[in-house]
Amino acid sequence: MKITIACVGKIKEKYLTAGIAEYSKRLSRYCTLQIIEAADEKTPDGASEAEETAIKEKEGDRLLKLIPDNAYVIALAIDGQMMNSVEFSEQISSLTVRGISHIVFVIGGSLGLSPQVLGRADQKLSFSKMTFPHQLMRMILLEQIYRSFRILHHEPYHK
């Protein structure tokens with residue numbers, strides 16, 4: 001199984017970089033993991049709705065270029081499907097059984113994902129109705145992917 005995290009922006013905080021590196025290392029025994037970053041756009045203070053739409057479209061175009069045609073795409077979106085960790089692991093297992101060998105998770109920038117990226121997604125996934133910083137979401141997603149592989153392999157993990 002190949003898993004790609006396509007995301008907007010670079011991680012600047014050392015604690016997040018360390019956490020992402022740790023979960024990436026742990027995941028290496030279960031899958032081939034790739035994290036690819038699209039450049040983010042600066043959002044001016046007090047940006048108009050039109051400016052925000054243009055920023056999301058630019059970031060979205062960059063993200064779409066990173067997604068292979070044959071990949072199953074899961075976009076992280078606040079209006080996506082919510083599931084618990086066991087359901088998430090069952091989803092990954094189900095995709096594998098269906099012959100899906102490459103899953104791309106997409107994390108947008110601070111303004112979210114463009115309609116074009118959401119339209120390309122095979123599924124939308126939400127971790128909460130709350131909003132999280134996109135940099136932190138990267139680490140949360142990696143932790144949940146790691147947890148799902150532990151569940152699938154019947155290995156212990158903190159509850």
Subject >> Test log, rule side-chain contact (heavy atoms from CB on, under 4.5 Å), inputs E22 and M139 >> reply: CA-CA 9 Å; E22 178 62 27; M139 187 169 71; over 6 Å; no
Original post:
I3 and T32: side-chain contact (heavy atoms from CB on, under 4.5 Å), yes or no, with the steps?
Top reply: CA-CA 6 Å; I3 293 181; T32 302; over 6 Å; no
Original post:
Is it true that E41 and R62 make a salt bridge, defined as a side-chain N closer than 4.0 Å to a carboxylate O?
Top reply: yes
Original post:
Out of curiosity, I67 CD1 to T4 OG1, how far, rounded to the nearest 0.5 Å?
Top reply: 9.5 Å
Subject >> E13 side, atom CD; I20 side, atom CD1 - distance, nearest 0.5 Å >> reply: 9.0 Å
Subject >> L125-L136 co-clustered via ILVMFWY side chain contacts under 4.5 Å >> reply: yes
Original post:
If Ile, Leu, Val, Met, Phe, Trp and Tyr residues are connected whenever their side-chain heavy atoms lie under 4.5 Å apart, and connections chain through other members, are L16 and V8 in the same group?
Top reply: no
Original post:
Would Y146 end up clustered with F132 when hydrophobic side chains under 4.5 Å apart are linked, directly or stepwise?
Top reply: yes
Subject >> I55 reachable from L63 in the ILVMFWY side-chain graph, under 4.5 Å edges >> reply: no
Subject >> Within-4.5 Å side-chain heavy-atom neighbours: K124 and I74 >> reply: no
Original post:
Are R29 and E155 close enough for a salt bridge, meaning some N to O gap below 4.0 Å?
Top reply: yes
Subject >> Full working for side-chain contact (heavy atoms from CB on, under 4.5 Å) between C7 and I35 >> reply: CA-CA 8 Å; C7 42; I35 299 174; 4.1 Å; yes
**OP:** Could you tell me whether E37 and R138 have a side-chain N and a carboxylate O separated by less than 4.0 Å?
**Re:** yes
Original post:
To the nearest 0.5 Å, what is the distance between OG (S93) and NE2 (H153)?
Top reply: 9.5 Å
Subject >> Least distance between heavy atoms, M130 atom then S128 atom >> reply: N-OG, 2.9 Å
Subject >> Distance in Å, L152 CG paired with M1 CE, rounded so as to fall on 0.5 Å steps >> reply: 9.5 Å
Original post:
Okay, side chain of S148, backbone of S89: is any donor-acceptor separation there less than 3.5 Å?
Top reply: no
Subject >> Straight-line distance of I92 CD1 to Y72 OH, nearest 0.5 Å >> reply: 11.0 Å
**OP:** Salt-bridge test for E52 and K56: reply yes if a basic N is under 4.0 Å from a carboxylate O, no otherwise.
**Re:** no
**OP:** Return the set of residues passing side-chain contact (heavy atoms from CB on, under 4.5 Å) with S101 (not counting sequence neighbours), or none when no residue passes.
**Re:** none
**OP:** I would like to know whether I36 and Q34 meet side-chain contact (heavy atoms from CB on, under 4.5 Å); could you show each step before the answer?
**Re:** CA-CA 6 Å; I36 46 179; Q34 178 184 29; 3.6 Å; yes
Subject >> Rounded distance [0.5 Å steps], CZ in F127 versus CE in M83 >> reply: 9.0 Å
Subject >> Pairwise side-chain contact, S24 with L142, heavy-atom cut-off 4.5 Å (strictly under) >> reply: yes
Original post:
Which of parallel (below 30°), tilted (30 to 60°) and perpendicular (above 60°) describes Y30 and F149?
Top reply: parallel
Donor-acceptor list for residues 103-121 side chains, cut-off 3.5 Å, not counting sequence neighbours:
unit_1: S114; atom_1: OG; unit_2: Q116; atom_2: OE1; d: 3.3
unit_1: S114; atom_1: OG; unit_2: V117; atom_2: N; d: 3.3
unit_1: R120; atom_1: NH2; unit_2: P68; atom_2: O; d: 3.1
unit_1: R120; atom_1: NH2; unit_2: D69; atom_2: O; d: 3.3
unit_1: R120; atom_1: NH2; unit_2: A71; atom_2: O; d: 3.2

**OP:** Please check if the side chain of E87 supplies one atom and the backbone of N84 the other of a donor-acceptor pair under 3.5 Å.
**Re:** yes
**OP:** Check whether any side-chain heavy atom of I151 sits under 4.5 Å from a side-chain heavy atom of S85, and report yes or no.
**Re:** yes
Original post:
What closest approach, in Å, do P44 and K42 show between heavy atoms, and which atom pair accounts for it?
Top reply: CD-O, 3.5 Å
